Chemist: 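Here's a structure for you.
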Protein chains: 2
Amino acid sequence: MKEFVPVLKRTKLFSGVGDDDISTMLSCLEARLLTYKKGEYVLRQGEHLSDILVLAEGRLHIQRDDYWGNRSILGHIGVGEIFGEAYVAPESGTLLNDVISVEDSSVFFFDVKRVISTCSSACRFHTMVVQNLFFAISEKNRGLVQKLDYMSRRTTREKLLSYLSEEAKKQNSASITLPFNRQQLADYLSVDRSAMSNELCKMRDEGLLEFEKNRFRLF
Amino acid sequence: MKEFVPVLKRTKLFSGVGDDDISTMLSCLEARLLTYKKGEYVLRQGEHLSDILVLAEGRLHIQRDDYWGNRSILGHIGVGEIFGEAYVAPESGTLLNDVISVEDSSVFFFDVKRVISTCSSACRFHTMVVQNLFFAISEKNRGLVQKLDYMSRRTTREKLLSYLSEEAKKQNSASITLPFNRQQLADYLSVDRSAMSNELCKMRDEGLLEFEKNRFRLF
DNA sequence: ACGAGTCGGTTGTATTTACAACAGAAAGGA
DNA sequence: TCCTTTCTGTTGTAAATACAACCGACTCGT
């Protein structure tokens, strides 16, 4: 578990907390580290959650399959990212989405009660961690608003352009790598894969962008 | 300002805090109360924000107009609701949406620095308020995920049904009142108003629902 | 090298949507 | 009351989308 302290140090949750203090907190918070093979579920829609999770290694998707098998991908979780925070509030219901590993992954579980309630011992960082938690969920929130912005576009092209240009801004480059293949990108933007593929090729022919696999370059 | 203490007491932000303590905090936090006429902007897209806001009276819409005048309504704010919390984090950029009053409204402004940093004096509630803030933003988060669920539906009918049935669940009744007129509902669900109106009438003819103005009844 | 499975692109068709234009009802102000 | 404005429903057409089916390229394991 200690091996991941450098990873944890760079997370939003432990921002501003030193290595030693993180080690201390790992035991103080009774952190657990679970591993998942590619394709395994980390969380399932409808479950109750009382832990805040941090991805130590691997990649995850937050998604949801409806009754007819239509998949909708809400988002992607990379190393160091927090997730599950939105469902640990007392009156929050059950999870609305599945979380599934798209690569072999390791996940930290922190019991929210221990994270939030200040304890008497050496852990003087609870207050800071709660603040960090607030800022982290703020960021998630803004990300969701951003996604709603993509989704509010009427055409597949507009959805693609708003998503890709935002991603270029985030990755600070006109050449970007997406965490999705075509089907996943279509599920993320809630459009038909073949129609999207078609549109992408049209846009390429018009000189708006280039792509190869999941690497895109905007012009 | 004191007149709104009963309102504040019932907000998520001050949940668990007594009347007297709220009064104390109002001055400790240097709260400001501003009023807006119907149609006025409370916040504008692109602005920086360093306050957490609470609606004391009236109704607000969170929305966004693009360059071509297409309006997208992100959500609705009722009395006692918190807003702006997602944009007060240090690295959060500028606001992505406008907030506009749809009725004459009064809004509390709380400087986030004062809310978050524990002060030495009588205000022993900062810790609790930060926790409340976390829970409140959690709820916002789940609401956004819910909205993404509506928006991920492919057809106008599916969007309407998922929104209306979720609203019925929230209002705990098959008879619900929406905070939107037709155009606003269309802007909220990102569909064409006339197509939506058409679809609503078809659904009514099929016996799925009834409506009159912004009151709906599901069967 | 082979076959199974995955992935991305292409095409055609039926469905759905957006857009524009119009009309009647309701609301609000002078 | 009259006039204006707003709101809602209706219709027709053009555009965009979903869906299904198919193909070739590629990957992977045997």
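Worth saying up front: this structure is predicted, and the values here are computed from it rather than measured. In what follows, every chain begins at residue 1, and chains take the letters A, B, ... in the order their sequences are listed.
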Chemist: Take A:S72 and A:R64, measure what side chain to side chain donor-acceptor pair (under 3.5 Å) needs, and give me the verdict at the end.
Modeler: CA-CA 5 Å; A:S72 175; A:R64 186 182 154 98; over 6 Å; no
Chemist: Starting at atom CG of B:L160, determine the distance to atom P of D:dG9, rounded to an integer number of angstrom.
Modeler: 11 Å
Chemist: Just the rounded figure in Å: distance from C1' of C:dT17 to NZ of B:K159.
Modeler: 10 Å
Chemist: What's the CE-P distance between B:M203 and D:dG9, to the nearest Å?
Modeler: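 Distance, rounded to whole Å: 13 Å.
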Chemist: Quiz question: going by heavy-atom distance under 3.5 Å, is there a donor-acceptor pair between the base of D:dG9 and the side chain of B:R193?
Modeler: yes
Chemist: What is the distance, to the nearest angstrom, from the CZ atom on A:R153 to the P atom on D:dA16?
Modeler: 16 Å
Chemist: Whole angstrom is fine here: how far is it from CZ in B:F211 over to C1' in D:dC7?
Modeler: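 Those two atoms, CZ and C1', are 13 Å apart.
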Chemist: Is there a side-chain polar atom (N or O) of B:T156 under 4.0 Å from OP1 or OP2 of C:dT17?
Modeler: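 Result: yes.
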Chemist: Rounding to an integer number of Å, can you tell me how far A:N70 CG sits from D:dT17 P?
Modeler: 18 Å
Chemist: Just by distance, with hydrogens left out, do B:S106 and B:E57 show a side-chain donor and acceptor under 3.5 Å apart?
Modeler: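 Per modelled atom types, B:S106 and B:E57 side chains form a pair under 3.5 Å.
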Chemist: In this structure, how many angstroms lie between the P atom of C:dG9 and the CE atom of A:M196, rounded?
Modeler: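 In whole Å, C:dG9 P lies 8 Å from A:M196 CE.
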Chemist: When the nearest nucleotide of DNA chain C is assigned to B:R154 and to A:L200 on a heavy-atom basis, which residue is associated with the more 5' position?
Modeler: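 The residue closer to the strand's 5' end, by nearest nucleotide, is A:L200.
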Chemist: Is B:K213 near enough to C:dA27 that one of its side-chain N or O atoms lies under 4.0 angstrom from OP1 or OP2?
Modeler: yes
Chemist: Within this structure, what is the CZ-to-P distance between B:R215 and D:dT8, rounded to whole angstrom?
Modeler: 15 Å
Chemist: Using a distance-only test with no angle check, is there a side-chain donor-acceptor pair under 3.5 angstrom linking A:S197 and A:R182?
Modeler: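 A:S197 vs A:R182: no donor-acceptor pair found between side chains.
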Chemist: Between B:Y87 and B:H48 (judged by ring centroids, cut-off 6.0 Å), do the two rings come close enough to count as a pair?
Modeler: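 No, the ring of B:Y87 stays outside the 6.0 Å limit from the ring of B:H48, centre to centre.
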Chemist: Relative to B:Y188, does B:K147 satisfy both conditions: NZ or CZ under 6.0 angstrom from the six-membered ring centre, and within 45 degrees of the ring's axis?
Modeler: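 Yes; both conditions hold, so B:K147 lies above the ring face of B:Y188.
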Chemist: Output yes when at least one side-chain N/O atom of A:R182 is less than 4.0 Å from OP1 or OP2 of C:dC7, else no.
Modeler: no
Chemist: Would you mind telling me which of C:dA27, D:dT8, D:dT17 lies closest to the side-chain atoms of B:S197?
Modeler: D:dT8
Chemist: Of the candidate nucleotides D:dT8, C:dT17, D:dA20, which contains the atom at the shortest distance from the side chain of B:N181?
Modeler: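 Of the candidates, D:dT8 comes closest.
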